[in-house]
Amino acid sequence: MKRLLLIALAACGGSKPAPQAPPTPPANPVAEAPAPAAPAAPAPEARPAGHPKDDLISRQVIFGNPERVGPQISPDGKQLAWLAPKDGVLNVWVAPVGKLDQARAVTSDTTRPIRQYAWAFTSKHILYLQDTGGDENFHLFRVEIADGKATDLTPYDGARAQILGASPRQPTTLMVGTNDRDKKVVDVYKVDLLTGKRTLAAQNNDGFAGFELDHDLAVRFAVKKLPDGATQLLTPETKAADTKWKLFEAIPFEDSDTTGVLDFAPGNKAVYMRDSRGRDTAALVSVDLATKKSTVLAEDAKADAGEVLMHPTRHNLQAVGFNYLTESWKVLDPSIQKDLDALAKLDGGEVHVTSRTTDDKLWIVTTTSPQHPGHYYLWDRGKQKGTFLFAARPELEKQPLVKMTPVEIKARDGLTLVSYLSLPAAADPDGDGKPNSAVPMVLFVHGGPWARDSWGYNPVHQMLANRGYAVLSVNYRGSTGFGKQFLNAGNLQWGKKMHDDLLDAVAWAAQQGVTSRDSVCIMGGSYGGYATLAGLTLTPDVFRCGVDLVGPSNLMTLLATIPPYWRPLVALFHSRMGNPETAEGKALLVAVSPLTHAADIKRPLLIGQGANDPRVKQAESEQIVAAMKSHHLPVSYIVFPDEGHGFVRPENNIAFFGAAEAFLSAHLGGSYLPLSKAEIGASSIQVKDGRDGVPGL
């Protein structure tokens, strides 16, 4: 199956394509000596409050709309599409290749930016996904390039759609997954691109977590999660939509989230997989469907196989990326070696091939680095020539952006934590990534937790470094990309060893002279928000303050209110977090829930929440706010009524991070750019509590 590339943009304006890695099982527990006590910061002494400045990088430049982003070339190579603002909202624009000045918007969304789109193989239609207010019930729209007419191909209220496959062999056919029949599972439909008519291809009667399609758009595998967290790959017995299924492969729990089907090989007689069975890191393998013989194509001792390049019509794998500290490529098809060698010399950034014509003569290439949010090139393979198209944020590149340095930090039990440090220019005048003087630090924790931080442009790192802070992001145990043992080491460790890793990173930063132990705040979204709340409740003396964005406060209610379409994955959450249906699991979840320890909070807290968040419901923030107020503890609480799990409207990001930098300034002493009335008025911000806790609100 030829997978359509849906360009997906991070809410804060990142431009590097980042594969989302799923969760994983527990690594074999290792006997350890009792962990040393967390480094406790002294009680906060009086420190000068932060100060407003007007010569800082504008939040509009960092978090506002990009100028142009996410280009894709049409399958026939004649047109170029990208995302750019129309009346202040990101929409899809199209222009003839080589004539970008003739661009016109072909979509007309007026409230919420379009973040995911793709060319149909007709080269006459654009497809895009859009939800309402962050509810993640995405609808699939088809747009006629000729006249901009948009048609909702999945007009089902309360349902969620996803593109499962498309093929140049069947350019007017889409394979679409929706949960309109049963909100808990996704059924597979064949949809006629031109008429919108859909035909049931596979009805999900067995609680499958997903399906795999071949290059003829036939459903070839179903994926099922078992109660113990293991995974089954099943094949259909017939071609009927209500077919029965038989077992093809059983994947044990320890490998279940580092092993899975990637795509079908030429001829549909083999599958490419990432596979960690019999090894630690996931290798790229080819599995013969008739004999089940597995052949290793590429592997790395430190990193799982990641992003891949595949020929658009021949379907042979051509290269695979391995990302440990930074990404490197292993070429499997010599025919593209000279292309990748030449692309590496374009501008020194990491290279990602993000779009290709069906004849594979033209590529769209993205380069990115910490100081360059995204450069886009049209690569002519025949001429071996790259033509610069545009930069995502040209105004931002005029600003004093700082380097990001990969570092390896040893946890107390010996695990290596790949981390990324950004220093303010004043603390690192020679740009070597080593501090000349200690400065206040923000520990910026990634979400997931089954995801990872990577080297590259990060808008939060850049804003905070510009305000005078060191910023450290840590791939704590449970993060993905570093092998199954590292991933599984995070099982049942929320608020425990996963949190110890963050404390060890703080201790490392103090030892390295990056900061002092009493000058660190913790900040993050989703799991990073949980880590923030855990930091202020489970270790209340370590951090000077915390900024929580859509973080869960009560793991029991979090698991009780997951979206219905996550039900096929519930065993995974129970295996990795704790099972609330058992006495032992419930006790574990309650013990590490920040709400349980709300009375222990000693340091200032800012909370940001999207009212429509389907993953971490607003009640998660409401609970911790209510508990703090009942104990007469100050808290600042901000809600955005038109957002979900994170914020995608630029106006709301500008307002939230404006509040966050003012809050940090008050407690860490850095600089901040005051929020303007215009910024507040353009957003949907609602300050529910603690207005006085944030300068400018």
Side-chain angles (χ1 to χ4, degrees), residues 2-9 13 15 17 65-130 138-153 163 166-168 171-174 191 193-194 196 312 352-366 373-380 386-394 648 650:
K2 176 65 172 67
R3 301 175 189 270
L4 285 176
L5 177 65
L6 279 166
I7 291 292
L9 300 176
S15 59
N65 278 318
E67 187 172 294
R68 288 178 289 191
V69 69
Q72 290 196 56
I73 195 164
S74 61
D76 63 8
K78 296 179 180 179
Q79 300 176 89
L80 195 68
W82 63 83
L83 295 172
K86 177 186 178 184
D87 299 326
V89 178
L90 280 186
N91 276 278
V92 181
W93 294 65
V94 172
V97 169
K99 300 179 180 178
L100 302 192
D101 58 335
Q102 296 181 18
R104 56 190 175 86
V106 296
T107 63
S108 301
D109 275 40
T110 58
T111 57
R112 197 161 179 81
I114 293 175
R115 292 156 289 142
Q116 302 178 77
Y117 84 98
W119 280 100
F121 281 110
T122 61
S123 294
K124 298 178 181 179
H125 304 89
I126 289 286
L127 304 167
Y128 74 93
L129 294 170
Q130 185 63 288
F138 291 99
H139 286 226
L140 173 61
F141 292 88
R142 178 203 70 209
V143 178
E144 308 274 354
I145 296 300
D147 58 12
K149 180 181 178 182
T151 301
D152 187 350
L153 296 176
I163 299 176
S167 171
T172 61
T173 297
L174 295 174
V191 176
L193 176 66
L194 303 182
H352 302 271
V353 180
T354 55
S355 180
R356 301 164 78 162
T357 56
T358 305
D359 63 13
D360 207 31
K361 292 181 179 180
L362 298 175
W363 292 357
I364 298 298
V365 175
T366 302
H375 290 172
Y376 304 104
Y377 297 84
L378 177 66
W379 179 251
D380 187 315
T387 301
F388 178 74
L389 295 173
F390 45 77
R393 295 179 179 272
V648 303

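- Rounded to the nearest 0.5 angstrom, Phe121 CZ and Thr172 OG1 are separated by 12.5 Å.
- Using a 3.5 Å distance cut-off with no hydrogens or angles, the side chains of Thr357 and Asp359 do pair a donor with an acceptor.
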query: Taking it one step at a time, do Leu100 and Leu80 satisfy side-chain contact (heavy atoms from CB on, under 4.5 Å)?
result: CA-CA 8 Å; Leu100 302 192; Leu80 195 68; 3.7 Å; yes
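- When every heavy atom of Leu389 is checked against every heavy atom of Arg68, the shortest pair comes out as O-NH2, 4.4 Å.
- Judged purely by atom type and a 3.5 angstrom limit, Tyr117 uses its side chain to pair as donor or acceptor with the backbone of Gln72.
- Closest approach of Thr107 to Val92, counting heavy atoms only: OG1-N, 2.9 Å.
- Between Gly77 and Leu362, the shortest heavy-atom contact is O-CD1, 4.0 Å.
- In this structure a side-chain-to-backbone donor-acceptor pair under 3.5 Å is missing from Gln79 to Val94.
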task: Give the intermediate values and the outcome of side-chain contact (heavy atoms from CB on, under 4.5 Å) for residues Asp87 and Thr110.
output: CA-CA 7 Å; Asp87 299 326; Thr110 58; over 6 Å; no
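- When side chains are defined from C-beta on, Tyr128 does not count as touching Val106, because their heavy atoms never get closer than 4.5 Å.
- Considering all non-hydrogen atoms of both residues, Ala105 and Trp93 come closest at N-CE3, 3.4 Å.
- Considering OG1 of Thr354 and CD1 of Ile73, their distance stands at 10.0 Å, rounded to 0.5 Å.
- Taking all atoms of both residues into account, the shortest heavy-atom contact from Pro168 to Thr358 is CB-CG2, 4.3 Å.
- Closest approach of Pro85 to Pro66, counting heavy atoms only: CD-O, 3.4 Å.
- With values rounded to the nearest 0.5 angstrom, Leu378 atom CG is found 12.0 Å from Trp363 atom CH2.
- Residue Asp147 qualifies as enclosed at atom CG: its count of foreign heavy atoms under 6.0 Å is above 12.
- Gln130 places a side-chain N or O within donor-acceptor distance of the main-chain N or O of Arg112, the cut-off being under 3.5 Å.
- We find the NZ-NZ distance between Lys78 and Lys99 to be 12.0 Å, quoted to the nearest 0.5 Å.
- Taking the six-membered ring for Trp and the full ring otherwise, the centers of Trp82 and Tyr376 sit at least 6.0 Å from each other.
- Rounding to the nearest 0.5 Å places CG of Leu153 at 9.0 Å from CD1 of Ile163.
- Between Phe388 and Tyr377, the ring planes lie perpendicular to each other; the angle is over 60°, past the 30° to 60° tilted range.
- The CG atom of Asp152 sits 7.5 Å away from atom CG of Leu140, with the distance rounded to the nearest 0.5 Å.
- The closest donor-acceptor contact from the side chain of Ser123 to the backbone of Ser74 lies at 3.5 Å or more, if one exists at all.
- A distance-only check finds a donor-acceptor pair linking the side chain of Asn65 to the backbone of Gly88 [under 3.5 Å].
- When each of Glu144, Arg142, His125 is tested with Thr151 by the rule side-chain hydrogen bond (donor to acceptor under 3.5 Å, both in side chains), just one qualifies, namely Arg142.
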